[in-house]
Amino acid sequence: MGNLLKVLTCTDLEQGPNFFLDFENAQPTESEKEIYNQVNVVLKDAEGILEDLQSYRGAGHEIREAIQHPADEKLQEKAWGAVVPLVGKLKKFYEFSQRLEAALRGLLGALTSTPYSPTQHLEREQALAKQFAEILHFTLRFDELKMTNPAIQNDFSYYRRTLSRMRINNVPAEGENEVNNELANRMSLFYAEATPMLKTLSDATTKFVSENKNLPIENTTDCLSTMASVCRVMLETPEYRSRFTNEETVSFCLRVMVGVIILYDHVHPVGAFAKTSKIDMKGCIKVLKDQPPNSVEGLLNALRYTTKHLNDETTSKQIKSMLQ
């Protein structure tokens, strides 16, 4: 996955963290193992999910043929036969988002618990912080792929329309057992989002904060802002960047940085773009803009369209124009 979490030292966080994260070699300590093993079971399936999504081609041709020739039963059957296994895949992706949400909540619980500060947690629980970063990295990659694949929503819409018609005509629907109506409604809401995995994680983080009222919100927001700052510093400091052994680490850090900014913006009362934010948004956007444009357009779009406070009056004109 790349390089990231060896927290060394930290100066005053107002000045920004002064440490390098090595996400390559972090191994869980005894106290981390229980959560680490639970999350690892989920992360082991992440690469396979991305491969399935990357190879998702859709049933556009069969659907068009069926729609153009509504009286041709063979074409209707062919389209239905093509769509059902694809919906099985979409169900798998959706169910994985639920598992990822549970994993994230477990990690947030471990990385924000008292009596330690977020920086102390990052120093002590490097393996868990690495997993948190890997979840964000996966999430941004998943959403980038989903955004560029309109077949997903077209296939699912066709599946639901056809299923509804079969019910009206009392035709037994092979495949309905796979996705019943209630699940189809939930999946429909999920895939209607431009960035469904990010939305799932943003909602999970917001819910985590609201359900843990005894935990100061700063424990969560400081954890997120610290990770954003560390990624930014590592990317913009030649001395740190030269330590990356793998070029993939740069895109890994960029995705993690954008992911934690979005979560922070959803959870913090005034968001990531306000003057009082602990995230240097101008610095983070500049780091993104310094990369080859085609490699970061999806990340810039994530900041433009999946944050909550970008268009608030409190957001400076400079930041808004940087993201235009």
Side-chain angles (χ1 to χ4, degrees), residues 1-26 111 118-119 121-123 126-144 195 198 201 221-265 271-273 277-304 306-307 310 316 318-319 321-324:
M1 267 272 182
N3 233 14
L4 229 62
L5 194 60
K6 191 181 189 179
V7 182
L8 302 175
T9 60
C10 182
T11 54
D12 181 5
L13 269 180
E14 295 302 314
Q15 265 69 62
N18 180 28
F19 51 77
F20 180 77
L21 295 171
D22 182 359
F23 278 134
E24 202 164 58
N25 306 308
L111 292 170
T119 307
H121 272 300
L122 291 176
E123 287 173 333
Q126 298 183 15
L128 297 187
K130 175 188 174 187
Q131 287 183 319
F132 187 48
E134 285 176 343
I135 284 176
L136 290 168
H137 183 237
F138 163 83
T139 295
L140 272 293
R141 286 173 73 202
F142 182 96
D143 285 347
E144 282 164 16
T195 52
L198 259 177
L201 296 195
T221 54
D222 286 358
C223 172
L224 298 170
S225 62
T226 302
M227 286 188 77
S229 299
V230 172
C231 289
R232 173 182 57 76
V233 170
M234 282 164 51
L235 288 161
E236 69 187 10
T237 311
E239 177 205 338
Y240 288 151
R241 197 159 167 162
S242 66
R243 297 192 211 176
F244 295 159
T245 56
N246 184 338
E247 197 43 47
E248 257 300 289
T249 306
V250 172
S251 58
F252 184 90
C253 287
L254 289 166
R255 287 191 181 104
V256 173
M257 180 179 78
V258 169
V260 286
I261 288 170
I262 290 166
L263 296 189
Y264 181 99
D265 192 59
F273 300 96
S277 163
K278 288 192 177 177
I279 296 177
D280 173 5
M281 283 307 304
K282 286 176 192 166
C284 291
I285 296 166
K286 185 179 182 304
V287 164
L288 285 164
K289 295 265 181 132
D290 286 344
Q291 313 306 315
N294 59 343
S295 69
V296 291
E297 196 51 38
L299 296 178
L300 288 166
N301 281 337
L303 289 178
R304 287 174 188 128
T306 62
T307 46
L310 174 61
S316 75
Q318 190 185 357
I319 287 177
S321 70
M322 285 175 87
L323 280 173
Q324 270 169 4

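Only a predicted model underlies this, so the values are computations on that prediction, with no experimental measurement involved.
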Over all heavy atoms of both residues, which pair between [X] and [Y] is shortest? Give the atoms and the distance, please.
{"X": "R304", "Y": "Q324", "value": "NH2-O, 3.9 Å"}
{"X": "L111", "Y": "H121", "value": "O-CD2, 3.0 Å"}
{"X": "I261", "Y": "A228", "value": "CG1-CB, 4.2 Å"}
{"X": "S277", "Y": "A272", "value": "OG-O, 2.9 Å"}

Given side chain to side chain contact (heavy atoms under 4.5 Å, CB included), test L299 with E144 step by step and report yes or no. CA-CA 8 Å; L299 296 178; E144 282 164 16; 3.4 Å; yes

Mark yes or no for whether [X], through its side chain, and [Y], through its backbone, hold a donor-acceptor pair below 3.5 Å.
{"X": "T139", "Y": "I135", "value": "yes"}
{"X": "T306", "Y": "L303", "value": "no"}
{"X": "T195", "Y": "L198", "value": "no"}
{"X": "D265", "Y": "G271", "value": "no"}
{"X": "Y264", "Y": "K278", "value": "yes"}

Nearest 0.5 Å please: distance from the [atom1] atom of [X] over to the [atom2] atom of [Y].
{"X": "L263", "Y": "S225", "atom1": "CG", "atom2": "OG", "result": "12.0 Å"}
{"X": "L300", "Y": "I285", "atom1": "CG", "atom2": "CD1", "result": "8.0 Å"}
{"X": "F273", "Y": "I319", "atom1": "CZ", "atom2": "CD1", "result": "7.0 Å"}

Got [X] and [Y] here, is their nearest side-chain heavy-atom distance under 4.5 Å?
{"X": "L140", "Y": "F252", "answer": "no"}
{"X": "F132", "Y": "L136", "answer": "yes"}
{"X": "I279", "Y": "C284", "answer": "yes"}
{"X": "V230", "Y": "M257", "answer": "no"}
{"X": "V256", "Y": "C253", "answer": "no"}
{"X": "R232", "Y": "D280", "answer": "yes"}
{"X": "S251", "Y": "R255", "answer": "yes"}

Strictly below 4.0 Å, N to O, side chains only: are K286 and E236 in salt-bridge contact?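 Answer for the salt bridge query: no.
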
